[in-house]
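All values below come from the heavy atoms of this structure, side chains included, with hydrogens, waters and symmetry mates left out.
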Amino acid sequence: MAHRVVITGLGPVSGIGIGVAEFAEALRLGKSGVGPIGSFDTAGFERTVAGEVPAFRPQELLRRLDRAQWGRSSLFAAAAARLAVEDAGVETAGRDVAVVMGTTSGEVVPVVDMTEGWHRDGWQSMPDPELARRVPASRIAVAAARELGSTGEAVTVATACSAGNYTIGYAYDLISSGEVDVAVAGGADSVARFTHAGFHRLGALAAEQCRPFDRDRDGILTAEGGVALVLEDRDAALARGARIYAEVLGYGMSCDAKHPVAPDAESIARGIRVAHQRAGVRADQVDYICAHGTGTRTNDLVEGGALFDVFGPTPPPVSSIKSMLGHTMGAASGFGAVACALSIAQGFLPPTVNHLHHDPELAGIDPVPNSSRPTRVRIAQNNGFAFGGNNAIVLFGEAG
């Protein structure tokens, strides 16, 4: 018999708040975490806004990790994991705890720095060995595991913008199958010139604000951060008297296998139906959907089309926290999972901010415009889609 899986700890490190209390309050208030980019010189770019985390001071959060040996994304992951296990009140050092972290770009900042060095000094110059040591993306999960002192499995999942949901699904499988009792899942990425330039060349960046589902939306804003959730075997969590935010009911995945950057509504709808089936949930039981909601014209239309296909002409409320955070890439659906858990535990719907004019092509979508909404959420759905057609959807329910 499969073990039931619950969420007992949350660790957000974001531009709208660090730690669960700050993050939850920011979601309620519809706080924006975007502003002018400070981490690199934006000269030459038409778009110069992103969602950075200027308040991130890893020395105030980390206990074990030597900060000098790790890149910013790894430090985000480690700090988020530390916050999550402290929130859960669970001891991870030496235990067989799995750590699963997602990412889009890994440690891309050192890659950019080395590339600039080669451009400036020529190909014959040797890269800085300290920078080179930080590059492997696999170190993101290792950083979190080392910070926790965990000796279990440590895996980095590089499925881009849906990676956070992939890690939750992986952790769910480990616990429900009885392989481990505790797993830490999440993701991390950093704002970087490389990522910004890539989306800039695609014409996918917004000028000033991210406006998902708005008639006049003009794109995404790149962002950064780290996020982690502690998942536990429900019986073990109850036995130790843990506070439970929500239960992980199940997940579904699909792959478009059609286009590197264009999402596919039929594939997304199929992934949602798989998630519902595995979770034992009917579409009419879902109270809230935390959308992928990037704010590009195509993504929002395709996501809306998939929701109409599954839920009919009036889906449940659908909000996008990317309107507040920006697009945190490999951490994005992890932040969405935290929002879903908080919506269930604290009884509110996070808003879609910057919403001025509803898109008539998405007339049936209720984006929870601009202000959070108090309500009971019994079942929440978290959408995560990625370049390459990787779609992952997770269902959460009230702890019972």
Side-chain angles (χ1 to χ4, degrees), residues 13-16 18 31-58 67-68 70-76 103-135 137 140 160-161 187-212 214 216-226 260-261 294-299 322-332 335 353-354 387:
V13 181
S14 78
I16 64 170
I18 296 174
K31 181 179 177 181
S32 174
V34 305
I37 294 171
S39 59
F40 63 88
D41 183 0
T42 59
F45 287 106
E46 294 178 352
R47 310 296 199 214
T48 59
V49 177
E52 297 177 312
V53 192
F56 180 48
R57 285 180 280 278
R67 304 190 308 276
W70 301 84
R72 186 169 174 86
S73 296
S74 296
L75 294 175
F76 275 136
T103 190
T104 291
S105 303
E107 290 291 7
V108 72
V109 174
V111 174
V112 172
D113 291 343
M114 287 193 299
T115 304
E116 285 186 344
W118 281 320
H119 177 72
R120 182 180 59 249
D121 303 325
W123 290 103
Q124 300 306 313
S125 64
M126 291 293 291
D128 182 338
E130 288 300 320
L131 289 179
R133 191 176 293 117
R134 298 176 187 175
V135 168
I140 290 176
C161 305
D189 265 302
S190 303
V191 164
R193 180 180 298 170
F194 175 89
T195 310
H196 188 82
F199 281 97
H200 204 290
R201 291 289 291 174
L202 286 171
L205 291 182
E208 296 291 339
Q209 295 177 323
C210 178
R211 303 172 179 274
D214 189 281
D216 301 322
R217 64 188 180 277
D218 61 347
I220 76 163
L221 294 174
T222 60
E224 65 181 5
V261 297
T294 62
T296 66
R297 296 211 62 79
T298 298
N299 182 90
K322 290 182 180 69
S323 61
M324 295 177 264
L325 290 164
H327 194 332
T328 54
M329 305 295 155
F335 282 119
V353 302
N354 308 318
F387 283 173

(message) Set out, in order, the CA-CA distance, both residues' side-chain angles and the distance that settles side-chain contact (heavy atoms from CB on, under 4.5 Å) for M324 and K31, then state yes or no.
(response) CA-CA 6 Å; M324 295 177 264; K31 181 179 177 181; 5.6 Å; no

(message) Taking S323's backbone N and O only, do any of them form a donor-acceptor pair with N354's side chain (distance below 3.5 Å, no angle check)?
(response) yes

(request) Would you check, one step at a time, whether the test side-chain contact (heavy atoms from CB on, under 4.5 Å) holds for V53 with I18? (result) CA-CA 9 Å; V53 192; I18 296 174; 4.2 Å; yes

(message) Can you give me the closest heavy-atom contact between G295 and C210, atom names plus distance?
(response) CA-SG, 4.3 Å

(message) Under a 3.5 Å distance rule, please check whether T42 uses its side chain to pair with a backbone N or O of T48 as donor and acceptor.
(response) no

(request) Go through the steps to decide whether E107 and S74 satisfy the test side chain to side chain donor-acceptor pair (under 3.5 Å), and finish with yes or no. (result) CA-CA 7 Å; E107 290 291 7; S74 296; 2.7 Å; yes

(message) Between R193 and E116, does any NZ, NE, NH1 or NH2 come within less than 4.0 Å of an OD or OE carboxylate oxygen?
(response) yes

(message) Distance check, rounded to the nearest 0.5 Å: H196 atom NE2 versus R201 atom CZ?
(response) 13.0 Å

(message) For the CZ atom of F199 and the CG atom of L221, what is their distance to the nearest 0.5 Å?
(response) 11.0 Å

(request) Compare every heavy atom of V49 with every heavy atom of A207, then report the nearest pair and how far apart it is. (result) O-CG2, 3.8 Å

(request) For residues T195 and V191, determine if any side-chain heavy atom of one lies less than 4.5 Å from a side-chain heavy atom of the other. (result) no

(request) Carefully, step by step, assess L131 and M114 under the rule side-chain contact (heavy atoms from CB on, under 4.5 Å). (result) CA-CA 7 Å; L131 289 179; M114 287 193 299; 3.9 Å; yes

(message) On a heavy-atom basis, which atom in P110 and which in V135 lie closest, and how many Å separate them?
(response) CB-CG2, 4.1 Å

(message) Check whether T296 reaches the backbone of N299 with its side chain - one donor and one acceptor, N or O, closer than 3.5 Å.
(response) yes

(message) Can you tell me how far apart CZ (F194) and CG (D113) are? Round to the nearest 0.5 Å.
(response) 13.5 Å

(request) Kindly determine whether T104 and C161 satisfy side-chain contact (heavy atoms from CB on, under 4.5 Å), including the steps that lead there. (result) CA-CA 6 Å; T104 291; C161 305; 4.0 Å; yes

(message) Once side-chain contact (heavy atoms from CB on, under 4.5 Å) is applied, do any residues pair with A197, and if so which ones, sequence neighbours excluded?
(response) F45

(request) Give a yes or no on whether the backbone of G106 and the side-chain of S73 come within a donor-acceptor separation of less than 3.5 Å. (result) yes

(request) Check R57 against P54 and note the closest heavy-atom contact, atom names and distance. (result) NH1-O, 4.3 Å

(message) Test your reading of the model: is there a side-chain donor-acceptor pair from E52 to the backbone of V34, 3.5 Å cut-off?
(response) no

(message) So, taking the atom named CG in D189 and the one named OG1 in T103, what distance separates them when rounded to the nearest 0.5 Å?
(response) 3.5 Å

(request) Indicate the atoms forming the closest heavy-atom contact of F76 with A188, along with that distance. (result) CB-CB, 4.0 Å

(message) With rounding to the nearest 0.5 angstrom, report the CG to CH2 distance, L75 to W70.
(response) 9.0 Å

(request) Could you tell me the separation between the CG atom of D218 and the CZ atom of R211, rounded to the nearest 0.5 Å? (result) 7.5 Å

(message) Looking at every heavy atom in both G226 and F335, which two are closest together, and how far apart are they?
(response) O-CZ, 3.4 Å

(message) What I want to find out is whether E208 reaches R47 closely enough, with some N-O distance under 4.0 Å, to be called a salt bridge.
(response) no

(message) Keeping H327 on the side-chain end and K322 on the backbone end, is there a donor-acceptor pair under 3.5 Å?
(response) no

(request) List the steps and the verdict of side chain to side chain donor-acceptor pair (under 3.5 Å) for E224 and S190. (result) CA-CA 4 Å; E224 65 181 5; S190 303; 4.6 Å; no

